Amino acid sequence: MTDDATRKMQFLYALRSKGVTDKRVLSAMEAIDRGPFIRGIFAERAYEDMPLPIACGQTISQPSVVGMMTQALHISPRDKVLEVGTGSGYQAAILSKLARRVYTIDRHSRLVREARELFDEMDLTNITAITGDGSFGLPDQAPFDRILVTAAAEDPPGTLMDQLKVGGVMVVPVGQSDAVQHLIVVHKTPDGVEYEELRQVRFVPLLEGLGKDT
Ligand code: SAM
């Protein structure tokens with residue numbers, strides 16, 4: 001077996017052992033190589049199950065957390081998905097393998113530009129990456145079947161909830177940035193909203209306005 005094949009097998013094994021069992025999610029994560037989304041000295045650690053630094057003082061999330069969040073969304077191939085927090089673009093690339101259309105938004109224009117370059121190189125034509133404040137969602141494209149927030153909010157954001165279809169699912173880390181946060185799955189039903197708590201996590205905060213690029 002080549003080094004690459006062994007590394008991929010270990011990567012998938014780590015995901016399964018941490019509860020990522022959905023076959024469609026695992027095959028999307030097998031199809032999208034995390035390596036290109038990490039630049040510089042951390043690139044060689046791309047296949048370890050840990051968050052890593054990216055540009056603009058941000059992070060690419062831990063693969064098993066990416067897998068858990070994606071799994072919790074139960075995405076169908078017809079779905080239109082909004083991701084808030086493009087970061088490296090890795091999560092959006094995985095979503096693009098599962099959904100019809102993906103919109104991803106980040107407050108750092110540099111991150112959006114670099115993610116777009118990777119989407120083009122990988123021929124992921126169903127992703128639109130936008131610079132902006134994702135806490136306002138994307139009213140022009142709403143409503144969404146699924147919404148994924150990859151930065152921690154103090155509460156599930158009401159504006160995003162309004163942009164979620166009835167029958168839709170939103171996954172969002174909730175809590176203060178310096179405290180324990182909980183990954184919350186929000187189901188919007190005809191009768192109201194149901195919340196399910198998945199696990200504890202640690203994410204950078206959902207901030208307002210546009211970020212200063214570095
Ligand atoms: N999903 C990313 C990936 O696959 O690499 C990781 C996201 S990183 C943990 C969180 C991202 O949320 C950062 O890139 C940060 O700039 C972004 N962010 C924070 N607040 C935001 C906001 N209000 N609107 C848009 N993006 C925001």
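Just so you know, ligand 1 is whichever comes first in the structure, and atom 1 is the first atom listed for that ligand. Note that the structure is a prediction, hence the values are computed from the model and not measured. The residues of the chain are indexed from 1 along the displayed sequence.
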Strictly under 4.0 Å, does any heavy atom of T86 approach an atom of ligand 1?
-> yes

Just jot down the ligand 1 atoms closer than 4.0 angstrom to any heavy atom of I60, in number order.
-> 5 (O)

Per atom 17 (C) of ligand 1, closest listed option by heavy atom (V149, T150, D106) = D106

Which residues pass the side chain to side chain donor-acceptor pair (under 3.5 Å) test with R7, sequence neighbours left out?
-> D4

Less than 3.5 Å between some nitrogen or oxygen of A151 and one of ligand 1, yes or no?
-> no

With the side chain counted from C-beta on, respond yes when I127 and M122 share a heavy-atom pair under 4.5 Å apart, and no when they do not.
-> no

Among side-chain atoms of R39 and S88, is any donor-acceptor pair under 3.5 angstrom?
-> no

E208 near ligand 1, heavy-atom distance under 4.0 Å?
-> no

Looking only at protein heavy atoms, what sits closest to atom 21 (C) of ligand 1 is R107 CD, 3.3 Å

Pairs satisfying ring-ring contact (aromatic ring centres under 6.0 Å, His included), at least one member in residues 97-136, at least two apart | none

Numbering as shown, the atoms of ligand 1 that approach V204 to under 4.0 Å (heavy-atom distance) = 9 (C), 10 (C)

For atom 12 (O) of ligand 1, which protein heavy atom lies nearest, and how many Å away is it?
-> G85 CA, 3.4 Å

Output the list of atoms in ligand 1 that are nearer than 4.0 Å to some heavy atom of T59, sorted by atom number.
-> 6 (C), 7 (C), 8 (S), 9 (C)

Below 3.5 angstrom, do we get any N/O pair linking E83 and ligand 1?
-> yes

Quick one: nearest non-hydrogen protein atom to atom 20 (N) of ligand 1, plus distance?
-> L207 N, 2.9 Å

Return the residue, atom name and 0.1 Å-rounded distance of the protein heavy atom closest to atom 5 (O) of ligand 1.
-> S88 OG, 2.6 Å

Heavy-atom side-chain proximity of M161 to I147 below 4.5 angstrom | no

Below 4.0 angstrom from a heavy atom of G132, which ligand 1 atoms are there? Numbered from 1 as shown, please.
-> 24 (N), 25 (C)

Counting heavy atoms only, which part of P205 comes closer than 4.0 Å to ligand 1: side chain, backbone, both or neither?
-> backbone

Go through the side-chain N and O atoms of S135 and D133 and say whether any donor and acceptor fall under 3.5 Å apart.
-> yes

